[in-house]
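What follows is one structure encoded as structure tokens, with my remarks underneath.
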Amino acid sequence: MGALTATKVVASELAGDLKWVVYTATLTAASDTVTFVAATHKFRTIYAVIPVLQAGQDSLLASVSATFSGLVVTLVSINPEGTAATDWTGATVRLCMLVGNN
């Protein structure tokens, strides 16, 4: 499991403290984590994460799923047979996240 650094793409304010943020991360393993830091990323709570495979989809990489706990997002890459992907050449993921400061 590697630790990824996400690059912010866009942010949009909603009512109250909530906002949508979009980050891009490059996959490097079947299971990777992205750790956000409240002081750096300007949010304290993740409410939802929607991963979108932006590039790199091929016969060895079909999709990506995401789970989160606290400010750590875990990405799991999946091949077409439903098992762990084995090739991430050029694979990037967009993380569309609903976040807040609660």
Side-chain angles (χ1 to χ4, degrees):
M1 180 182 305
L4 303 177
T5 301
T7 303
K8 188 175 189 177
V9 177
V10 69
S12 177
E13 299 293 325
L14 301 174
D17 308 355
L18 297 179
K19 59 183 162 183
W20 279 106
V21 292
V22 179
Y23 286 87
T24 299
T26 302
L27 291 177
T28 58
S31 179
D32 279 320
T33 59
V34 180
T35 302
F36 294 95
V37 177
T40 304
H41 296 98
K42 308 297 185 219
F43 58 84
R44 291 185 292 180
T45 306
I46 297 174
Y47 294 103
V49 177
I50 303 168
V52 179
L53 187 58
Q54 182 177 334
Q57 184 173 9
D58 59 21
S59 63
L60 299 174
L61 175 60
S63 64
V64 176
S65 67
T67 58
F68 62 93
S69 177
L71 293 179
V72 177
V73 176
T74 301
L75 300 172
V76 176
S77 54
I78 304 160
N79 71 20
E81 290 79 35
T83 59
T86 57
D87 181 19
W88 313 276
T89 305
T92 57
V93 176
R94 283 247 164 136
L95 300 174
C96 304
M97 301 173 22
L98 182 62
V99 300
N101 282 313
N102 292 334

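What you see is a predicted model, and the numbers here were worked out from it, not measured in a lab. Along the sequence shown, residues are numbered consecutively beginning with 1.
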Shared hydrophobic cluster for [X] and [Y] (ILVMFWY, side-chain gaps under 4.5 Å):
X   : Y   : value
V76 : I50 : no
F68 : V93 : yes
V49 : V72 : no

So [Y] and [X], do their side chains get closer than 4.5 Å, heavy atoms only?
X    : Y   : result
W20  : L98 : yes
L53  : S63 : no
D87  : L61 : no
N102 : D17 : yes

If you round to the nearest 0.5 Å, how far is [atom2] of [Y] from [atom1] of [X]?
X   : Y    : atom1 : atom2 : result
L71 : T35  : CG    : OG1   : 8.5 Å
T45 : N101 : OG1   : CG    : 7.0 Å
L27 : T89  : CG    : OG1   : 11.0 Å
L75 : D32  : CG    : CG    : 6.5 Å
L95 : T24  : CG    : OG1   : 7.5 Å

Which pair of non-hydrogen atoms, one from [X] and one from [Y], has the smallest distance, and what is that distance?
X   : Y   : value
W88 : A30 : CZ2-N, 3.0 Å
R94 : Q54 : CG-OE1, 2.7 Å
D58 : P80 : O-CG, 4.3 Å
R44 : A38 : CG-CB, 3.8 Å

key: Aromatic plane relationship, F43 with F36 - under 30° parallel, 30 to 60° tilted, over 60° perpendicular   =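 Geometry flag for F43 against F36: tilted rings.
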
query = Between L18 and Y47, is a side-chain contact (heavy atoms from CB on, under 4.5 Å) present by the stated rule, with each step listed?
reply = CA-CA 9 Å; L18 297 179; Y47 294 103; 3.4 Å; yes

